[in-house]
Amino acid sequence: MPTPIALIDCNNYYVSCERASDSKLIGVPVIVLSNNDGCAVARSAEAKALGIKMGDPVHLIRDKIERHGIRVLSSNYTLYGDMQRRVVASIEDYARDFEIYSIDETFIDLAGFEDRDLVAHVRAMRDQVLRWTTIPTCVGLGPTKTLAKLGNAAAKKNPLFDSVADLRDEAVRAWVLDRFAVGDVWGVGGATAAKLAALGIHTAGQLRDMPIKQARAMGSVVLERLVAELRGVPSGVVETIEPQRKGMAVTRSFGTPVSDIATLMGAVTQYAMRAGEKLRGHGLVAARLTVFFHTNRFKPDAPQYSASRMVALHPMTNDSFELVAAARRGVEHGWRDGYAITKAGIMLDDLIAAELRPRTLFEGDTVKRVRLMEALDSVNSRFGRFSAVPATQGFQRDWKMRADMKSPAWTTRIEDVPRVRA
DNA sequence: TCTGGGGTCCTAGGACCC
DNA sequence: TCTGGGGTCCTAGGACCC
């Protein structure tokens with residue numbers, strides 16, 4: 001019998017975080033938007049009931065928002081990150097090992113707790129999260145990660161479960177799988193769901209019963225493992241040590257389109273500066289940088305253009321100015337006049353720990369540059385991001401993304417902490 | 001009349017996730 | 001006017017080598 005695994009997942013996470021700080025948002029329909037205020041990425045139960053879907057572009061649901069008085073917020077990642085820390089702290093007593101899977105989900109390895117009533121155990125855990133953070137959660141229990149995830153989804157959807165579904169129980173598991181759409185299974189996306197449908201496979205139960213060889217032929221080892229997991233045979237474990245990161249990106253859509261190279265250079269310079277800061281924050285160096293930019297793909301009638309240029313970084317580096325120089329070279333090579341660019345980004349690949357980086361013969365004075373970067377980071381951390389920037393970044397940032405309805409940094413900036421009148 | 005087989009490394013692109 | 005950002009993993013195919 002495999003070790004039981006639990007998945008705890010916060011309900012409507014971004015909305016719940018906003019409600020933790022502003023009680024006026026409780027009981028009314030609320031949505032939180034993606035970066036650039038583009039689409040709805042979190043919805044309260046009330047907003048879901050009004051038919052707002054995940055990923056709905058906000059400009060297409062304007063009338064609904066006004067008609068029902070839906071509260072709309074820009075995303076506030078500082079707040080969500082800080083709240084995550086608090087959620088994890090509330091879980092710690094209930095698990096010896098866990099894997100933080102995303103900003104609102106954690107897998108828990110329940111090895112060593114098997115002699116307990118695990119349903120009571122996870123109920124106590126979610127009570128603790130609620131008490132300490134006000135954030136409601138659901139929990140799925142199962143012999144594999146896929147089944148824990150599926151149980152979590154069932155607990156969310158079906159009120160019968162009262163927020164906790166235990167799929168270790170064979171009868172419960174079979175009942176849930178037969179009613180669970182195959183496209184909602186973790187790891188089955190649109191492309192795979194379409195192929196499965198052509199074979200008459202529409203439920204998680206049918207996928208579980210698919211011949212393993214056929215699964216392999218259709219969706220390679222990925223689908224093969226998935227079928228095994230649905231049968232209760234683990235093919236992945238709870239990863240308790242954080243893996244070495246392989247790549248890193250800073251990409252943004254523009255608030256208004258950009259049609260001249262100087263402005264694009266300004267934006268890309270800022271992204272490269274930020275990418276350098278992220279690299280140093282993780283103690284890493286990169287071996288290559290890719291810069292890309294493109295026009296608006298949602299407007300097929302407008303002239304389309306897309307460029308992507310890879311630049312090798314040798315020696316490997318996390319020096320912001322080297323990254324900026326590489327990125328600017330890439331933009332120069334890829335630029336064409338006459339297009340309205342709406343998005344650009346920097347990607348860094350082949351990362352390794354800075355102290356493991358290979359040395360080269362002609363490095364110059366790296367000590368000075370390292371100290372310069374340290375000074376830059378400390379200025380920006382003390383006086384706010386982008387206090388010290390290269391002039392090439394420009395001062396007119398007309399392209400910067402929209403975030404018109406962002407809540408204050410309630411929990412992380414002293415001026416924003418709410419006051420309570422005595 | 002006849003033109004190998006097998007291995008590694010790298011990259012691009014697809015699919016999926018939250 | 002207006003459609004996010006940041007990741008992972010896998011495979012196919014080309015280049016190269018002996």
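All values below come from the heavy atoms of this structure, side chains included, with hydrogens, waters and symmetry mates left out. Lettering of chains follows the sequences in order, A, B, ..., and the numbering in each one begins at 1.
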Relative to each other, are the rings of W186(A) and Y101(A) parallel, tilted or perpendicular (30° and 60° limits)?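 W186(A) vs Y101(A) ring planes: perpendicular.
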Among residues two or more places apart or on two chains, list those pairs meeting ring-ring contact (aromatic ring centres under 6.0 Å, His included) that have a residue in residues 3-58 of chain A.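 Passing the test, one end in residues 3-58 of chain A: Y14(A)-Y77(A), Y14(A)-Y80(A).
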Report the residues that fulfil side-chain contact (heavy atoms from CB on, under 4.5 Å) with I352(A), sequence neighbours left out, ordered by chain and then residue number.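 In terms of side-chain contact (heavy atoms from CB on, under 4.5 Å), with neighbours along the sequence ignored, I352(A) is linked to V285(A), M316(A), L356(A), R357(A), P358(A).
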Just jot down the salt bridge (charged side-chain N to carboxylate O under 4.0 Å, His left out) partners of E105(A), sequence neighbours excluded, or say none.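 Residues passing salt bridge (charged side-chain N to carboxylate O under 4.0 Å, His left out) with E105(A): K149(A).
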R168(A): which residues meet the salt bridge (charged side-chain N to carboxylate O under 4.0 Å, His left out) condition with it, sequence neighbours left out?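 So R168(A) forms a salt bridge (charged side-chain N to carboxylate O under 4.0 Å, His left out) with D166(A).
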Residues R71(A), E18(A): salt bridge by 4.0 Å N-O rule: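 No, this pair does not count.
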Qualifying residues under side-chain contact (heavy atoms from CB on, under 4.5 Å), relative to A272(A), sequence neighbours excluded: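 Checked A272(A) against side-chain contact (heavy atoms from CB on, under 4.5 Å); matches are L323(A), V324(A), A327(A), I346(A).
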Near-strand residues of residues 185-211 of chain A, defined as heavy-atom separation under 4.0 angstrom from DNA chain B: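 Only V185(A), W186(A), G187(A), V188(A), G189(A), G190(A), A191(A), T192(A) qualify.
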Which residues share a salt bridge (charged side-chain N to carboxylate O under 4.0 Å, His left out) with R309(A), sequence neighbours left out: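 R309(A): no salt bridge (charged side-chain N to carboxylate O under 4.0 Å, His left out) contacts found.
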Indicate, with a heavy-atom threshold strictly under 4.0 Å, whether D37(A) touches base, sugar-phosphate, or nothing.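 Touches nothing.
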Could you summarise the pairing of DNA chain B as dot-bracket text, marking Watson-Crick and G-U pairs under 3.5 Å with ( ) or [ ] inside the strand and | across strands? ....||||||||||||||
Check each residue of residues 243-258 of chain A for a non-hydrogen atom within less than 4.0 Å of any atom in DNA chain B, then write out the ones that pass by number, or none.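 Result for residues 243-258 of chain A: none.
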Closest nucleotide of DNA chain C for R62(A) versus for V221(A): which of these residues is on the 5' side?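 With R62(A) and V221(A) compared, the 5'-side residue is R62(A).
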List the residues meeting side-chain contact (heavy atoms from CB on, under 4.5 Å) with D404(A), not counting sequence neighbours, and say none if there are none.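 D404(A) satisfies side-chain contact (heavy atoms from CB on, under 4.5 Å) with D37(A), R402(A) once adjacent residues are dropped.
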Between M54(A) and R225(A), just flag the one whose closest nucleotide in DNA chain C comes earlier from the 5' side.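 With M54(A) and R225(A) compared, the 5'-side residue is M54(A).
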Should E277(A) and R274(A) count as an ion pair when the cut-off is N to O under 4.0 Å?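 The answer is yes: the pair qualifies as a salt bridge.
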For T411(A) and D82(A), does a side-chain donor sit closer than 3.5 Å to a side-chain acceptor?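 Yes, side-chain donor-acceptor contact under 3.5 Å.
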Restricting to side-chain contact (heavy atoms from CB on, under 4.5 Å), what partner residues turn up for L199(A), sequence neighbours left out?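 Here the qualifying residues are I201(A), M210(A), Q214(A), M218(A).
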Between dC17(C) and dG4(B), how many Å separate the two C1' atoms, rounded to a whole number?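 Straight-line distance between the two C1' atoms is 14 Å.
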What is the 5' to 3' range of DNA chain B, first to last nucleotide, that sits under 4.0 Å from any heavy atom of chain A?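 It runs dT11(B) to dC18(B).
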Could you check if a side-chain atom of V227(A) sits within less than 4.5 angstrom of a side-chain atom of L207(A), using non-hydrogen atoms only?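 The answer is yes; the side chains approach within 4.5 Å.
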